[in-house]
2 protein chains.
Amino acid sequence: MPDQEHLPDVRTTAQAWESLFRTQVAVMRRMQGLPEFKKLSMREYDVLFNISRCPTGWTRLNELNEALLISQPSLSRMVERLVAKGLLQRRTAEQDQRGIEISLTEEGRELQRIIGREHVRHLHEMIAPALSAEEFGQLQLLTEKLRNGLKRAD
Amino acid sequence: MPDQEHLPDVRTTAQAWESLFRTQVAVMRRMQGLPEFKKLSMREYDVLFNISRCPTGWTRLNELNEALLISQPSLSRMVERLVAKGLLQRRTAEQDQRGIEISLTEEGRELQRIIGREHVRHLHEMIAPALSAEEFGQLQLLTEKLRNGLKRAD
DNA sequence: GGTCAGTAGATGCAATTGCATGTAAACTGG
DNA sequence: CCAGTTTACATGCAATTGCATCTACTGACC
């Protein structure tokens, strides 16, 4: 081990978390009203976005659920609604007859792209003035490291 | 201005935000099931916590609303429920007869403290292994700076 | 191969949420 | 001072959410 890094105490971790959390709230709150989220709520967009990131294009419902804060029954019904809107398609998983796989339809993919572009543009306007490029880079590294280092849920 | 810091591009800001957001989701998701949130949902606890931070002990409803992601009618009714549970008290504001001020009751303050202690303890267990004390400090500074530097909502 | 525990989603139902709108008080310009 | 606008919160109501539970399938053990 190179330099001695001392372990964080409770105050340090609590304050850092609180600051991160409040920042997330502040940004989300400003984003809520923006026009791109008129057609789809932010939660729904987040579902489309997560699916769009899957290499194969298909995800298992339970896997998707882990990336979201909503409960399993809520996701189940949200997917139902998004299928009804023509934005998603479902199929039963090959190797596990209990499982459901979902993917974006062409329409869903297109809507995700449209909203995504607007979203990124507005996000950039909102947060870019606050930090330098170097600081954003540090922030990304620190949050990635934090996320990857979380103690496994028991 | 000392060194030349270059301005962040769109990719840089979007990736940093996404990483922060995903980290927040990962932590919140693990927190949801913990026993301290059996008596009160996380949203409700967050309300008590925010009020507990007010120097005077009283807050205006609209001011409190700005620190939360829920809508104004939702907060209005959540406060109603928390008053019914005996955790909050309400009064009309002195200088503005339209306004409502709320504060914790003794019972509410005590419950907030109990949940808060458990929460901080579990949070620490969960995230402390991920970063050093110095890194948590950097994370706090960066998120504070980000929050304070957000472009004003139009 | 049959029983039993565990996992993936679906569903009934009550509670919570948000949207649109309502009411009342405060501000504003003449 | 008074009409018109804005602000703060409440309320009707439909949509969404979560909890508890159910069904169907899987995997393990014997």
Side-chain angles (χ1 to χ4, degrees), chain A residues 25 28-35 37-48 51 58-85 87-103 153-154, chain B residues 25 28-48 50-51 58-85 87-103 153-154:
Chain A
V25 169
M28 292 300 266
R29 185 147 241 297
R30 284 150 201 259
M31 228 127 69
Q32 297 222 88
L34 297 179
F37 297 114
K38 280 301 224 180
K39 309 204 89 175
L40 229 48
S41 72
M42 287 184 45
R43 285 179 158 186
E44 288 170 326
Y45 170 71
D46 198 27
V47 168
L48 298 205
I51 301 173
W58 293 86
T59 337
R60 281 292 290 273
L61 218 46
N62 57 354
E63 184 187 356
L64 177 59
N65 203 167
E66 282 166 24
L68 306 170
L69 286 178
I70 66 181
S71 68
Q72 175 268 312
S74 284
L75 177 60
S76 217
R77 287 195 249 235
M78 184 185 292
V79 166
E80 186 176 292
R81 291 192 299 270
L82 292 172
V83 170
K85 280 189 187 178
L87 301 174
L88 296 184
Q89 32 190 184
R90 313 173 16 136
R91 68 181 187 199
T92 57
E94 297 275 328
Q95 322 85 323
D96 186 343
Q97 293 295 112
R98 296 167 302 179
I100 297 288
E101 292 175 337
I102 55 179
S103 77
D154 310 317
Chain B
V25 169
M28 293 298 268
R29 187 148 239 299
R30 285 152 199 258
M31 228 125 71
Q32 298 224 85
L34 296 179
E36 58 265 36
F37 297 115
K38 279 302 222 179
K39 310 205 88 178
L40 228 50
S41 72
M42 289 184 43
R43 284 179 159 186
E44 289 171 324
Y45 170 71
D46 199 27
V47 168
L48 297 205
N50 269 281
I51 301 173
W58 293 86
T59 339
R60 281 291 292 272
L61 218 47
N62 57 355
E63 184 188 354
L64 177 59
N65 203 167
E66 282 167 23
L68 306 170
L69 285 177
I70 66 180
S71 67
Q72 174 268 313
S74 284
L75 177 59
S76 216
R77 287 196 250 234
M78 183 186 291
V79 166
E80 187 177 292
R81 291 192 298 271
L82 292 172
V83 169
K85 282 190 188 178
L87 302 174
L88 296 184
Q89 34 190 184
R90 315 173 14 137
R91 69 181 186 199
T92 56
E94 298 276 327
Q95 322 85 324
D96 186 343
Q97 294 295 114
R98 296 168 303 178
I100 297 288
E101 292 175 337
I102 56 179
S103 78
D154 309 318

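Predicted model, so just to flag it, every value in this text is computed and none were measured. Chain naming here is simple, since letters A, B, ... match the order of the sequence lines and numbering starts at 1 in each.
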Item to check | Exercise: identify the closest heavy-atom pair between M78(A) and I70(A) | outcome: CE-CD1, 3.9 Å
Checklist entry - Which nucleotide in the set dT17(C), dA26(C), dA10(C) lies at the smallest distance from any side-chain heavy atom of D96(B)? => result dA26(C)
Next on the checklist: Test salt bridge (Lys or Arg N to Asp or Glu O under 4.0 Å) on E101(A) and R60(A); report intermediate values, then the result.
Outcome noted: CA-CA 4 Å; E101(A) 292 175 337; R60(A) 281 292 290 273; 5.6 Å; no
Item to check | Minimum heavy-atom distance between M31(A) and F37(A), given as atom pair plus value | outcome: O-CD1, 3.5 Å
Checklist entry - Rounded to the Å, how far apart are L64(B) CG and dA8(D) P? => result 14 Å
Checklist outcome for this item: Sorted by position of nearest nucleotide on DNA chain D, 5' first, the leading residue of R43(A) and K38(B) is R43(A)
Checklist outcome for this item: Regarding the side chain of P73(B), the nearest nucleotide among dT26(D), dT11(C), dC19(C) is dC19(C)
Checklist entry - Rounded to whole angstrom units, what separation is found between the CG atom of L40(B) and the C1' atom of dA15(C)? => result 15 Å
Checklist outcome for this item: Rounded to whole Å, the CG-C1' distance (L82(B) to dA15(C)) equals 14 Å
Item to check | Pairwise distance CZ(R91(B)) to CD1(I100(B)) - rounded to 0.5 angstrom | outcome: 11.0 Å
Next on the checklist: What's R60(A) touching, base or sugar-phosphate or nothing? Going by heavy atoms closer than 4.0 Å.
Outcome noted: sugar-phosphate
Next on the checklist: Output the rounded distance in Å from CD (Q95(B)) to C1' (dA8(D)).
Outcome noted: 14 Å
Checklist entry - Roughly how far, to the nearest 0.5 Å, is the CG atom of N50(B) from the OG1 atom of T59(B)? => result 8.0 Å
Checklist entry - Are OP1 or OP2 of dT17(D) and a side-chain N or O of R81(A) less than 4.0 angstrom apart? => result yes
Next on the checklist: Both R98(A) and Q72(B) contact DNA chain C. Which one's nearest nucleotide lies toward the 5' end?
Outcome noted: R98(A)
Checklist entry - Which whole-number value in Å describes the distance from L68(B) CG to dC9(D) P? => result 13 Å
Checklist entry - Are N62(A) and dG9(C) close enough that a side-chain N or O sits under 4.0 Å from OP1 or OP2? => result yes
Checklist outcome for this item: E66(B) atom CD is separated from dT7(D) atom P, nearest whole Å, by 12 Å
Checklist outcome for this item: note: I70(A), atom CD1; dA15(D), atom P; distance rounded to Å ~ 18 Å
Checklist entry - Which residue, Q32(A) or E80(A), contacts DNA chain C at a nucleotide closer to its 5' end, judged by nearest heavy atom? => result E80(A)
Checklist entry - Just checking R77(A): base, sugar-phosphate only, or nothing, at a heavy-atom cut-off of under 4.0 Å? => result base
Checklist entry - Quick one: is S74(A) getting a side-chain N or O under 4.0 Å of the dT17(D) phosphate, OP1 or OP2? => result no
Checklist entry - Heavy atoms under 4.0 Å, any strand shown: does L75(A) hit a base, just sugar-phosphate, or nothing? => result nothing
Checklist entry - More 5' along DNA chain D: L61(B) or E44(A), using each one's nearest nucleotide? => result L61(B)
Next on the checklist: Rounded to whole Å, how long is the line connecting atom CE of M42(A) with atom P of dT17(C)?
Outcome noted: 17 Å
